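Everything below concerns the one structure shown next.
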Amino acid sequence: MVFNPLEHPVCLEFPRWLDETAWGEHIPFAMFLTSVMRPQTFVELGACRGVSYCAFCQAVKSLKAETKCYAVDTWRGDAHAGELEEDVLTKLKAYHDPLYAGFSRLVQSTFDDALKHFADNSVDLLHIDGFHSYEAVCHDFETWLPKMSAKGIVLFHDTNVHERNFGVWKFWAEMKEKYRHFEFLHGHGLGVLAVGEEVAKELEFLFKADAGETKLIREFFHQLGTRVFSAQKIHEQQSLIESLQKYIENLQTYERVVQNSKTMRIYRILKDEGVGSLMKKGMKKIGQDE
Ligand SMILES: C[S@@+](CC[C@H](N)C(=O)[O-])C[C@H]1O[C@@H](n2cnc3c(N)ncnc32)[C@H](O)[C@@H]1O
């Protein structure tokens with residue numbers, strides 16, 4: 001099966017929503033996959049600031065696909081992602097709802113509690129990006145597997161992270177023995193697992209790739225991802241510059257307040273004209289001038 005990216009130009013779209021994330025480099029593949037699969041139902045476990053999730057939504061909207069999308073997260077963070085600021089969900093909603101509320105929901109819930117909202121065999125595409133310990137990813141996969149349809153593809157982020165008690169790599173090694181698969185190594189690793197019996201024919205090139213093709217496919221999506229990564233870095237620098245500018249403005253205001261204070265006026269008289277002058281001008285008058 002020949003892979004023709006020109007048939008899926010959505011993978012060249014630039015993400016409209018960028019924020020802090022370790023996922024940015026996979027956005028071109030996420031958009032490509034959405035274009036190939038046109039899933040009926042897409043679920044993301046672990047949306048956080050919404051970078052990966054909004055990329056899927058953007059592709060669905062651009063493609064005019066009939067996909068229903070759901071992001072499940074407590075929006076509290078976890079031991080790997082850290083604690084989230086209170087306004088993360090509010091900011092994400094403000095961006096997401098006007099654009100995507102017609103086909104997408106942000107579900108504030110634990111992954112386990114959300115299970116009851118989804119029928120068995122109903123999810124075509126599942127992205128697991130929650131807590132990354134071996135036990136957590138095992139649990140998330142096993143509990144959500146019955147929800148997967150015959151077209152089912154499961155994505156795992158962080159298959160290539162071997163630190164801080166991340167265990168997706170270990171779980172991925174076990175999954176590779178059981179299911180057809182493809183793994184991207186860049187962007188902390190993204191595993192693509194074919195759990196359904198009727199996975200889109202157009203994805204066969206991934207699962208049948210030999211060593212040389214695997215290298216090229218990885219390189220192709222890595223190169224596209226690098227473009228997003230650079231933009232993300234610029235975005236982060238701009239946010240940093242904006243917060244530094246605010247900090248400088250606050251310092252300047254504070255400096256003006258200090259310079260105009262009574263204490264500074266007394267100090268200047270003492271320094272330039274001495275105690276006698278200060279006595280002459282009188283504390284009372286200075287007080288009236290304030
Ligand atoms: C690595 S972040 C997701 C990153 C995101 N996909 C992106 O594009 O940057 C993991 C998220 O999973 C959420 N999470 C972890 N375990 C969870 C659970 N059991 N139920 C609900 N949310 C969970 C955390 O709140 C955190 O926001």
Side-chain angles (χ1 to χ4, degrees), residues 14-31 33-34 42-60 69-93 95-96 100 104-118 123 125-145 147 153-161 163-169 171-172 184 186-192 225 228-229 231-233 235-236 239:
F14 215 73
R16 287 193 218 114
W17 179 246
L18 282 176
D19 204 325
E20 197 184 311
T21 183
W23 214 89
E25 286 172 284
H26 295 300
I27 287 176
F29 180 72
M31 292 182 163
L33 188 62
T34 310
F42 162 63
V43 177
E44 178 166 278
L45 304 180
C48 200
R49 295 169 207 279
V51 176
S52 53
Y53 186 70
C54 288
F56 284 101
C57 288
Q58 183 178 327
V60 167
C69 300
Y70 302 89
V72 184
D73 201 307
T74 55
W75 278 281
R76 292 210 187 101
D78 58 49
H80 286 146
E83 206 173 303
L84 294 187
E85 308 89 76
E86 296 221 329
D87 62 348
V88 168
L89 179 56
T90 315
K91 271 161 78 180
L92 178 56
K93 257 179 186 288
Y95 171 77
H96 165 278
Y100 305 132
S104 161
R105 290 253 175 85
L106 303 177
V107 182
Q108 189 170 22
S109 154
T110 64
F111 302 155
D112 287 356
D113 286 346
L115 279 162
K116 59 179 176 286
H117 300 301
F118 297 86
V123 178
L125 180 59
L126 177 71
H127 173 217
I128 300 184
D129 194 15
F131 187 45
H132 294 97
S133 71
Y134 173 79
E135 293 73 19
V137 73
C138 264
H139 176 81
D140 297 340
F141 179 72
E142 276 162 18
T143 48
W144 281 81
L145 186 58
K147 306 293 173 191
I153 291 280
V154 182
L155 299 175
F156 297 89
H157 190 223
D158 289 317
T159 52
N160 201 13
V161 179
E163 56 181 29
R164 293 198 295 139
N165 190 34
F166 274 60
V168 188
W169 63 270
F171 182 69
W172 179 247
F184 292 101
H186 67 279
H188 309 276
L190 186 75
V192 185
V228 177
F229 183 75
Q232 195 192 327
K233 288 291 146 207
H235 174 85
E236 280 169 18
S239 305

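Note that this is a predicted model, so its numbers are computed, not measured. All heavy atoms count here, side chains included; hydrogens, waters and symmetry mates do not. Order of listing sets the numbers, starting from 1, for every ligand and every atom in it.
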Angle class for the H132/F166 ring planes (parallel below 30°, perpendicular above 60°, tilted otherwise)? parallel
Check contact between H80 and ligand 1, using heavy atoms of the residue and a distance below 4.0 angstrom. no
Could you see which bit of H157 sits under 4.0 Å from ligand 1, with heavy atoms only: side chain, backbone, both or neither? neither
Evaluate the ring planes of W23 and F56, with Trp represented by its six-membered ring, and classify them as parallel (under 30°), tilted (30 to 60°) or perpendicular (over 60°). tilted
Which segment of L84 sits under 4.0 Å of ligand 1 when only heavy atoms are counted: side chain
When you look for heavy atoms under 4.0 Å from ligand 1, do you find them on the side chain of A136, its backbone, both, or neither? neither
For W172, look at atom CH2 and say whether over 12 heavy atoms of other residues, nucleotides or ligands are found less than 6.0 Å away. yes
Give me the residue, atom name and distance of the protein heavy atom closest to atom 14 (N) of ligand 1. F111 CZ, 3.7 Å
Can you see whether Q108 engages T74 through a side-chain donor-acceptor pair at a distance of less than 3.5 angstrom? no
Contacts of type side chain to side chain contact (heavy atoms under 4.5 Å, CB included), residue A55, not counting sequence neighbours: I27, M31
Any idea which protein heavy atom is nearest atom 11 (C) of ligand 1, and the distance to it? D73 OD2, 3.4 Å
Nearest non-hydrogen protein atom, atom 15 (C) of ligand 1: D78 OD2, 3.2 Å
With respect to G130, determine whether any N or O atom, backbone or side chain, lies less than 3.5 Å from an N or O atom of ligand 1. no
Under 4.0 Å between a side-chain nitrogen and a carboxylate oxygen: does that hold for E86 and K91? no
Provide the number and element of each atom of ligand 1 under 4.0 Å from a heavy atom of H132. 1 (C)
Step-by-step side-chain contact (heavy atoms from CB on, under 4.5 Å) determination, L106 to K93: CA-CA 8 Å; L106 303 177; K93 257 179 186 288; 3.8 Å; yes
Does S109 come within less than 4.0 Å of ligand 1, judged by its heavy atoms? yes
What is the closest protein heavy atom to atom 10 (C) of ligand 1, and at what distance does it sit? D129 O, 3.1 Å
If you measure every N/O of W23 against every N/O of ligand 1, is any gap under 3.5 Å? no
Heavy-atom proximity to atom 3 (C) of ligand 1, best of A114, S52, G46: G46
Consider every N or O of A22 and every N or O of ligand 1, then say whether any pair is closer than 3.5 Å. no
Is T21 in polar range of ligand 1, meaning some N or O pair under 3.5 Å apart? yes
Start with the C-alpha gap between F118 and W144, add the side-chain angles, then the distance that decides, and say whether ring pair (Phe, Tyr, Trp, His ring centres under 6.0 Å) holds. CA-CA 9 Å; F118 297 86; W144 281 81; 5.4 Å; yes
Check the orientation of Y95 and Y100. Use parallel for under 30°, tilted for 30 to 60°, and perpendicular for over 60°. perpendicular
Partners of S109 by side chain to side chain contact (heavy atoms under 4.5 Å, CB included), sequence neighbours excluded? V72, V107, D113, A114
